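The structure appears below as structure tokens.
Atoms considered below: every heavy atom in the structure, side chains included; atoms not considered: hydrogens, waters and symmetry mates. Treat the numbers as computed from the prediction; the structure is a model and nothing was measured. By convention in this document, chain letters (A, B, ...) are assigned in the order of the sequence lines, proteins followed by strands, and residues within each chain are numbered from 1.
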Protein chains: 2
Amino acid sequence: MSAEKIAATLEADIVSGVLRPGEDLKQGEIAARFSVSRIPVRDALQLMAARGLIDLERNRRARVIDLSPSEIDEVYHLRGLLETDCLRQAIRQLEADDLVKIEAALAHSNIDAATDRWADGDWAFHKSLYAPAKRPRELSMVEDLRRTCRIHIAGYGVLPTLTDKWLKDHENLVAAMRSRAEDRAVDILARHLADARETLLAAMPG
Amino acid sequence: MSAEKIAATLEADIVSGVLRPGEDLKQGEIAARFSVSRIPVRDALQLMAARGLIDLERNRRARVIDLSPSEIDEVYHLRGLLETDCLRQAIRQLEADDLVKIEAALAHSNIDAATDRWADGDWAFHKSLYAPAKRPRELSMVEDLRRTCRIHIAGYGVLPTLTDKWLKDHENLVAAMRSRAEDRAVDILARHLADARETLLAAMPG
DNA sequence: AAATGTATAAATGTATACATTTTGGAGGAT
DNA sequence: ATCCTCCAAAATGTATACATTTATACATTT
């Protein structure tokens with residue numbers, strides 16, 4: 001088992017909430033779990049730190065990230081900035097087959113919505129919205145920020161109570177894109193993000 | 001010599017242009033240079049990859065990042081988005097002693113401008129502009145993006161020909177901040193970045 | 001000459017053993 | 001009780017040795 005696979009497995013545990021924010025990760029325990037020495041485990045932890053999943057400090061145990069409400073706030077601000085920019089650029093460069101892919105992602109995410117994979121479907125949908133912008137680096141930064149939120153959502157057991165509203169938001173987003181209504185689309189997305197931010201912050205302690 | 005120090009030394013080599021974009025980094029050679037085994041070198045390389053200094057692929061040699069013009073373009077776009085946002089937020093929350101620090105950074109950067117540390121002074125100045133926004137994560141993202149540009153600027157031997165204009169831009173930025181002229185400040189910064197983008201792209205090959 | 005295949009050298013990945021640092025708790029002082 | 005100090009146990013950091021993969025040079029073919 002290589003570092004990448006160890007990192008991928010641990011990432012799945014973190015984004016699913018099995019490992020919660022602030023929880024310790026001991027090299028020895030992980031090494032035993034995957035039946036390897038601590039060397040590939042160390043590599044895996046560094047990979048995870050690079051993706052923003054854990055905090056690493058020399059000589060200290062690795063810990064699942066655990067952001068304060070004000071840090072979460074900054075993350076949502078950054079998401080607003082980057083995601084609305086991606087959306088604008090996407091609309092400006094939108095082509096026919098992009099809409100086909102978006103419709104497909106929407107349908108798929110509606111199916112996932114009721115399952116425990118709703119977050120995957122949600123991201124796949126939003127990614128399909130932003131893809132026409134052709135901004136790989138920006139998209140990857142958005143993915144990192146979303147993952148950060150998702151870790152806390154899963155860790156604090158946030159229930160997606162507003163599912164129906166969010167699904168309707170998605171429909172409206174697609175409609176706005178189809179008619180190239182840039183400002184309207186951005187407005188829907190901004191509210192969508194504000195809702196998500198509120199829901200998460202309400203579930204957080206401090 | 002620990003992983004952090006090795007990484008810091010190699011980072012200095014990269015941002016100064018001693019190690020240029022696309023250049024190989026072999027674990028064995030680095031280990032010999034710092035008289036350590038390859039284990040801490042591997043850690044150092046992972047740290048550098050996390051900061052975006054090098055590309056790492058399993059079983060392959062590490063390489064200094066080497067972006068295409070279109071990737072550089074995206075980086076400058078992101079810088080524009082994030083840096084102008086930091087600037088706006090900074091102006092809205094600006095307090096008296098912030099301006100004192102900004103003036104100090106400006107004076108210091110004017111001294112550095114003629115030396116080989118001009119990039120350090122430039123970043124210290126811009127950081128002092130953005131600091132009042134109190135957005136640590138956003139600031140750190142800006143720092144990463146700037147470092148990416150700097151690596152290519154150093155590697156392609158870009159000469160700061162427009163030094164005088166840039167120093168004047170800095171003066172004008174401070175003036176705009178002092179009078180809380182948000183839009184004017186953002187406009188100056190946007191042009192400042194556009195100039196830097198042009199200068200770098202002109203020096204790049206493909 | 002260009003392209004393909006192959007062998008050997010060289011580089012990276014991992015396990016084990018040991019050094020160094022942190023951690024968590026026992027015991028005593030305030 | 002609460003806060004120290006100190007020590008043993010446990011965790012992390014590093015060196016060495018070996019396994020695995022990649023890369024370079026060279027021969028072969030088209």
Side-chain angles (χ1 to χ4, degrees), chain A residues 1-14 17-68 151 155 205-206, chain B residues 1-14 17-68 151 155 205-206:
Chain A
M1 186 80 98
S2 67
E4 274 94 345
K5 295 196 172 182
I6 294 168
T9 305
L10 290 175
E11 173 171 343
D13 285 349
I14 293 175
V18 173
L19 290 170
R20 299 171 59 181
E23 208 158 332
D24 284 343
L25 295 176
K26 298 181 199 173
Q27 298 177 4
E29 290 179 4
I30 298 169
R33 170 175 171 191
F34 294 99
S35 307
V36 294
S37 77
R38 279 169 38 236
I39 301 286
V41 172
R42 289 168 60 76
D43 287 351
L45 291 176
Q46 294 253 37
L47 289 172
M48 294 164 69
R51 301 192 77 184
L53 292 157
I54 61 175
D55 286 328
L56 271 184
E57 244 179 311
R58 183 180 170 79
N59 287 323
R60 299 228 145 73
R61 295 208 269 278
R63 295 182 159 224
V64 178
I65 54 163
D66 188 8
L67 271 56
S68 68
I151 289 168
Chain B
M1 186 78 96
S2 66
E4 274 94 344
K5 295 196 174 184
I6 294 168
T9 305
L10 291 175
E11 173 171 343
D13 284 348
I14 293 175
V18 173
L19 291 170
R20 298 171 60 181
E23 207 157 333
D24 285 343
L25 295 177
K26 298 181 197 173
Q27 298 177 3
E29 289 179 5
I30 298 169
R33 171 175 170 189
F34 293 99
S35 306
V36 294
S37 78
R38 278 170 38 239
I39 302 287
V41 172
R42 289 169 60 77
D43 287 350
L45 291 176
Q46 294 252 39
L47 289 172
M48 294 164 70
R51 301 191 78 183
L53 292 157
I54 61 175
D55 287 329
L56 271 184
E57 244 179 312
R58 183 180 170 78
N59 286 323
R60 297 228 146 72
R61 296 209 265 278
R63 295 182 159 224
V64 178
I65 54 164
D66 188 8
L67 271 57
S68 68
I151 289 169

Legend entry - A:Gln27 vs D:dG13: side-chain N/O to OP1/OP2 distance below 4.0 Å: yes
Legend entry - Nucleotide D:dT21, atom C1' - distance to NZ of B:Lys26 in whole Å: 16 Å
Inset, instruction - Could you tell me whether the side chain of B:Ile6 reaches within less than 4.5 Å of the side chain of B:Arg33, counting heavy atoms only? - result: no
Inset, instruction - Identify the nucleotide, in any strand shown, that forms a Watson-Crick or G-U wobble pair with D:dC6, with both distances under 3.5 Å; if there is none, say none. - result: C:dG25
Legend entry - Side chain proximity check, B:Leu10 to B:Ile30, heavy atoms < 4.5 angstrom: yes
Legend entry - First of A:Ser35 and B:Ala62 reached from the 5' end of DNA chain C, by closest nucleotide: B:Ala62
Inset, instruction - Nearest whole angstrom, please: distance from the C1' of C:dT23 to the CD of A:Glu57. - result: 14 Å
Inset, instruction - Name the closest nucleotide to the A:Arg61 side chain, picking from C:dA15, D:dT12, C:dG13. - result: D:dT12
Inset, instruction - Measure the distance from CG on B:Leu45 to P on C:dT12 and round it to the nearest whole Å. - result: 8 Å
Inset, instruction - Could you tell me the separation between the CG atom of B:Asn59 and the P atom of D:dT20, rounded to a whole number of Å? - result: 12 Å
Legend entry - Minimum heavy-atom distance B:Arg61-B:Asp24, with the two atoms named: NE-OD2, 3.1 Å
Inset, instruction - Apply side-chain contact (heavy atoms from CB on, under 4.5 Å) to B:Ile14 and B:Met48, showing your working. - result: CA-CA 10 Å; B:Ile14 293 175; B:Met48 294 164 70; 3.6 Å; yes
Legend entry - Under-4.0 Å salt bridge between A:Glu23 and A:Arg63: no
Inset, instruction - Nearest-nucleotide wise, let me know which of B:Arg38 and B:Asp24 is further upstream toward the 5' end of DNA chain D. - result: B:Arg38
Inset, instruction - Using whole Å, report how far CD of B:Glu4 lies from P of C:dT20. - result: 18 Å
Legend entry - For atom CD1 of A:Ile39 and atom P of D:dG13, their distance in whole Å: 10 Å
Inset, instruction - Give none if C:dA3 has no partner; otherwise give the nucleotide forming a Watson-Crick or G-U wobble pair with it, both distances under 3.5 Å. - result: D:dT28
Inset, instruction - Determine the contact category for A:Leu25: base if any of its heavy atoms lies under 4.0 Å from a base atom, sugar-phosphate if only primed atoms, P, OP1 or OP2 are that close, otherwise nothing. - result: sugar-phosphate
Legend entry - Separation of atom CZ in A:Phe34 from atom P in C:dG13, rounded to whole Å: 19 Å
Inset, instruction - Using whole Å, report how far CZ of A:Arg42 lies from P of D:dT12. - result: 9 Å
Inset, instruction - Compare side-chain N and O positions of A:Arg58 against OP1 and OP2 of D:dT14 and report whether any pair is under 4.0 Å apart. - result: yes
Inset, instruction - Would you indicate, yes or no, if D:dG13 has its OP1 or OP2 atom less than 4.0 angstrom from a side-chain nitrogen or oxygen of A:Arg60? - result: no
